[in-house]
Amino acid sequence: MEQRKIVLLGPPGSGKSTVAEGVASKFSLEDLYMGQLFREQVEKNTIIGNIVKEYMQKGELVPEDFVFGLAYLLLSSKDNFLIDGFPRTLKQAEFIDSKGVKFNAVLFLDVPEEEVVRRLSNRRVCPNCKAQYHLIFLPSKEGENCDKCGTHLERRADDDPETIKNRFREYHSKTAPLIEFFTQNGLLHKIDASLAPKEVLAETIVALDKVFCVEKEE
Ligand code: AMP
């Protein structure tokens, strides 16, 4: 059976979740979000949740041991997915590769840091149904309330300015080396994510169309 295993890579605030939603529905891929899985563990007060919470609040990556198990459980039995938020370190990329999970393509959303800081500080999420909004790009029709369920919107706990800074530090030191890694193995597709969300999505779809088209011809 044909496999479609796609990774979304990019700094915090590069628009990964918006792209993920559009691309997943266009190509019938399961939309997987590592950060959301950890947030669910925190909300459910699980043992893992209580440990990873402090790292997430500081904007740091959670220790590899917690990521490996969860990523393996999540990805090993699936053939069609788009994953946002994994791998985020070279060790994670090597681990999942050693488990036989081979990605078809890595979409790298490239955007300058000043732009993503502006985006993150205007981001809002519904604490009830998890719908995501943006005060500038994707405002709720209900103002400060969710237009799906009416709940008052909140800023994500890790979107405050100090935490944003830490998330960037983590991104540059631990995640950015993956750009070189996936370039070397020929999987990286760079997308200009400083464009408007609709254009970024369109560019991403063109890139993936090419990947799948080339694979069909081979
Ligand atoms: P995100 O919503 O993708 O920004 O993820 C939120 C937080 O979850 C991150 O700041 C990390 O603390 C944690 N996290 C998500 N994915 C990973 C990962 N692959 N490795 C380590 N920590 C992660």
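Bear in mind that the values here come from a model prediction, so they are computed numbers and not experimental data. Just so you know, ligand 1 is whichever comes first in the structure, and atom 1 is the first atom listed for that ligand.
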Participant: With only distance considered, is V62 within less than 3.5 Å of ligand 1 through an N or O on each side?
Facilitator: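 Among all N and O atoms of V62, at least one is under 3.5 Å from an N or O of ligand 1.
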
Participant: Are E170 and R167 within salt-bridge range, i.e. N to O under 4.0 Å?
Facilitator: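 No.
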
Participant: Examine Y55 against ligand 1 and note whether any of their N/O atoms are separated by less than 3.5 Å.
Facilitator: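 For ligand 1, there is no N or O atom that lies under 3.5 Å from one belonging to Y55.
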
Participant: Charged N to carboxylate O below 4.0 Å: is that the case for R4 and D79?
Facilitator: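 The answer is no: the pair does not qualify as a salt bridge.
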
Participant: So which bit of E64 gets within less than 4.0 Å of ligand 1, heavy atoms only: side chain, backbone, both or neither?
Facilitator: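 Contact part for E64 vs ligand 1: neither.
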
Participant: Look at atom 5 (O) of ligand 1 and say which protein heavy atom is nearest, naming residue and atom and giving the distance to 0.1 Å.
Facilitator: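 Looking at atom 5 (O) of ligand 1, the protein heavy atom closest to it is G35 CA, 3.4 Å.
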
Participant: At under 4.0 Å between heavy atoms, which part of Q41 makes contact with ligand 1: side chain, backbone, both or neither?
Facilitator: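 For Q41, no heavy atom sits under 4.0 Å from ligand 1.
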
Participant: Give the residue and atom name of whichever protein heavy atom lies nearest to atom 10 (O) of ligand 1, and the separation in Å to one decimal.
Facilitator: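 Looking at atom 10 (O) of ligand 1, the protein heavy atom closest to it is E60 O, 4.1 Å.
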
Participant: Inspect the contact between E115 and R119 and indicate whether a charged nitrogen and a carboxylate oxygen are less than 4.0 angstrom apart.
Facilitator: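 Yes, this pair counts.
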
Participant: Indicate, as side chain, backbone, both or neither, the part of R39 found under 4.0 angstrom from ligand 1 when only non-hydrogen atoms are considered.
Facilitator: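 Side chain only; the backbone of R39 stays clear of ligand 1.
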
Participant: For atom 23 (C) of ligand 1, which protein heavy atom lies nearest, and how many Å away is it?
Facilitator: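 Nearest protein contact, heavy atoms only, for atom 23 (C) of ligand 1 is F38 CE1, 3.9 Å.
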
Participant: Taking the side chain as everything from C-beta on, heavy atoms only, tell me whether C129 gets closer than 4.5 Å to T151.
Facilitator: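 Sidechains of T151 and C129: no contact.
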
Participant: What residue and heavy atom of the protein are closest to atom 7 (C) of ligand 1, and at what distance?
Facilitator: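 The protein heavy atom lying closest is M56 CE, 3.8 Å.
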
Participant: Side-chain contact test, heavy atoms from C-beta onward, threshold under 4.5 Å: evaluate it for L37 versus L32 and give yes or no.
Facilitator: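 The answer is no, as the side chains (C-beta and beyond) never meet within the 4.5 Å cut-off.
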
Participant: Does the ring center of F212 lie less than 6.0 Å from the ring center of F27?
Facilitator: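 When the ring centroids of F212 and F27 are compared, they turn out to be within the sub-6.0 Å range.
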
Participant: Could you list which atoms of ligand 1 come closer than 4.0 Å to a heavy atom of R167?
Facilitator: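 Answer, ordered by atom number: 4 (O).
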
Participant: For ligand 1, find out whether one of its N or O atoms is nearer than 3.5 Å to an N or O atom of R156.
Facilitator: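 By distance alone, the answer is yes.
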
Participant: Before accepting this row, confirm whether a basic side-chain N of the pair K165/E162 lies closer than 4.0 Å to the acidic partner's carboxylate O.
Facilitator: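 Yes.
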
Participant: Does only the side chain of E170 get under 4.0 Å from ligand 1, or the backbone, or both, or neither? Count heavy atoms.
Facilitator: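 For E170, no heavy atom sits under 4.0 Å from ligand 1.
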
Participant: For a side chain to side chain contact (heavy atoms under 4.5 Å, CB included) with I191, tell me which candidate from L8, D110, L9, V200 qualifies.
Facilitator: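 So the option named by the test is V200.
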
Participant: Nearest protein heavy-atom contact for atom 4 (O) of ligand 1: which residue, which atom, what distance?
Facilitator: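 The answer is R88 NH2, 3.2 Å.
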
Participant: Is there a side-chain contact between D192 and E199 (heavy atoms, below 4.5 Å)?
Facilitator: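 The answer is no, as the side chains (C-beta and beyond) never meet within the 4.5 Å cut-off.
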
Participant: For the residue pair F182 and F103, categorise the inter-ring angle as parallel (less than 30°), tilted (30 to 60°) or perpendicular (more than 60°).
Facilitator: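 If you compare the ring of F182 with that of F103, the planes turn out perpendicular.
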
Participant: Can you find a non-hydrogen atom of Y33 under 4.0 Å from ligand 1?
Facilitator: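 For ligand 1, residue contact (heavy atoms, under 4.0 Å) with Y33 is present.
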
Participant: Can an N or O of G85 be found at a distance shorter than 3.5 Å from an N or O of ligand 1?
Facilitator: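 For ligand 1, there is an N or O atom that lies under 3.5 Å from one belonging to G85.
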
Participant: Look at atom 20 (N) of ligand 1 and say which protein heavy atom is nearest, naming residue and atom and giving the distance to 0.1 Å.
Facilitator: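 So the nearest neighbour among protein heavy atoms is Q92 NE2, 3.0 Å.
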
